[in-house]
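Treat the numbers as computed from the prediction; the structure is a model and nothing was measured.
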Amino acid sequence: MNAASLLTPRLACVILAHADPVHLHRLIEALEPFPVFLHVDARTPDTTFAAMTADLPERCTVLGRTTTAWARWGLVGAELDGYRAALETSDATHFALLSGSDYPLAPAKEIVDLLERHPGHSFAKVHELPYEQWGRSGGLARFRYRHWGIGKRMLRLPIPRRLPRDIVLTGGPQMKILARDHARAVVEVADEHHELIRFWRRTWVPDETFVYSILNSPRFVPGWKAQLVPSNLWLIAWDGLRRKSPPWLDTVHTDVLLNREKYSDPNMPHLFARKFCSELSTPVLDAIDAHVSLHSHSIGPEEVLHR
């Protein structure tokens, strides 16, 4: 265990956002007092970007903008940029990756307490591939063939290619919490092994596989499995329909959102949920805020944040 693991746990939040300034500002406010590293898609109109980044708190850093199209490498690149900035400018022991449509379901103290119980550990529900729920190939076709994305459509070149050596192909949800050492390892591999970046640029949905495959490969991170808490801390209300993205959350989901222990692992209840938007989700967000406030305990910024 290194020195970072012995620090009082501090969470830094990397947010990848595309739209909805109203919800984004509400999300950042709800993440008080954690530092935020915000990336806004380069395709977002300038007027919307200006509204998204206006009057942000001092604890929020706006990152350089790149294109973060669905299912493509840009999402991974923006995630790595967030980790780099957080590693350089904060002493956070853990980094959470969120989208601009996420929202916390737990008070800051509960999040900090969880991290304190798991020093040096990351949190994600991952699967080595092939994984039967990822289609006929178990997800391996994402790697064996080169892919391009057009809108939300996939173009696949049906010519197999060689897979990278000594990489344990692994997949899981884009949203996760990484321990500082794990985030640093991923950034270092990305900076030193450009051949892997070239390979992953032509995989399908790389934001679900690149980080996990690096971490799960003993070549790069020998102790990953022992330092992984196999739990998904995000509540997503998949409804059984064929969808490319989760459905929006509204008052229909109030019971699920306010009774996390009932609908998740009681030892590891959900800390966040997605997807929300200001147009449809304001009433249920108000209910979440009231519920969190009722169950919050006082916690000073100095206990969770030191920049």
Side-chain donor-acceptor contact under 3.5 Å, Thr48 with His18: no
Residue set satisfying side chain to side chain contact (heavy atoms under 4.5 Å, CB included) with Arg136, at least two apart, ordered chain then number -> none
Heavy-atom closest contact (Ala106 atom, Arg260 atom, distance): CB-NH1, 3.8 Å
State, to 0.1 Å, how close Ile28 and Pro57 come at their nearest heavy-atom pair, and which atoms those are. CG2-CG, 3.9 Å
Between His193 and Phe220, does the ring centre distance come in under 6.0 Å? yes
Would the distance check show the side chain of Arg146 and the main-chain N or O of Arg156 forming a donor-acceptor pair, the cut-off being under 3.5 Å? no
Taken in chain and number order and not counting sequence neighbours, the residues that satisfy side chain to side chain donor-acceptor pair (under 3.5 Å) with Thr254 are none
Lys/Arg N to Asp/Glu carboxylate O, Arg84 vs Glu188, below 4.0 Å: no
If the threshold is 4.0 Å, N to carboxylate O, is there a salt bridge linking Glu79 and Lys176? yes
Using the test side chain to side chain contact (heavy atoms under 4.5 Å, CB included), find all partners of Leu280 that sit at least two apart in sequence or belong to another chain. Trp248, Cys277
Verify, without hydrogens or angle tests, whether His23 (side chain) and Tyr103 (backbone) share a donor-acceptor contact under 3.5 angstrom. no
What pairs with His253 under side chain to side chain contact (heavy atoms under 4.5 Å, CB included), at least two apart in sequence or on another chain? Ala237, Leu249, Asp250, Leu257
Pair Arg26 + Asp289: basic N to acidic O under 4.0 Å: yes
Common cluster, Ile167/Val221, ILVMFWY with side-chain heavy-atom separation under 4.5 Å: yes
Excluding sequence neighbours, so at least two apart, what forms side chain to side chain contact (heavy atoms under 4.5 Å, CB included) with Ala50? none
Shortest non-hydrogen separation from Leu178 to Ala183 and the atoms involved: CD1-CA, 4.2 Å
Test: Lys109 and Asp113 ion pair at under 4.0 Å: yes
Shared hydrophobic cluster for Leu196 and Val186 (ILVMFWY, side-chain gaps under 4.5 Å): yes
Could you tell me if Thr209 and Trp200 have a donor-acceptor pair between their side chains, going purely by distance under 3.5 Å? yes
Minimum heavy-atom separation for Arg72 to Trp70, with atom names? NE-O, 3.0 Å
Going by the rule salt bridge (Lys or Arg N to Asp or Glu O under 4.0 Å), which residues pair with Asp41 if we only count those two or more places apart in sequence or in a different chain? Arg43
Run through His182, His121, His118 and flag the one making a side chain to side chain donor-acceptor pair (under 3.5 Å) with Gln227. His182
Any donor-acceptor pair under 3.5 Å linking the side chain of Arg65 with the backbone of Thr44? yes
On a heavy-atom basis, which atom in His25 and which in Thr53 lie closest, and how many Å separate them? NE2-N, 4.4 Å
Carboxylate-amine/guanidinium proximity below 4.0 Å for Arg10 and Glu116: no
With a 6.0 Å cut-off on the ring centroids, do Tyr145 and Trp204 count as close? no
Short side-chain to backbone donor-acceptor contact, Asn259 and Asp255, under 3.5 Å: yes
Tell me if a side-chain donor or acceptor on Ser231 pairs with a main-chain N or O of Leu233 at a distance below 3.5 Å. no
Minimal non-hydrogen separation, Gly171 against Tyr212, with atom names: C-CD1, 3.9 Å
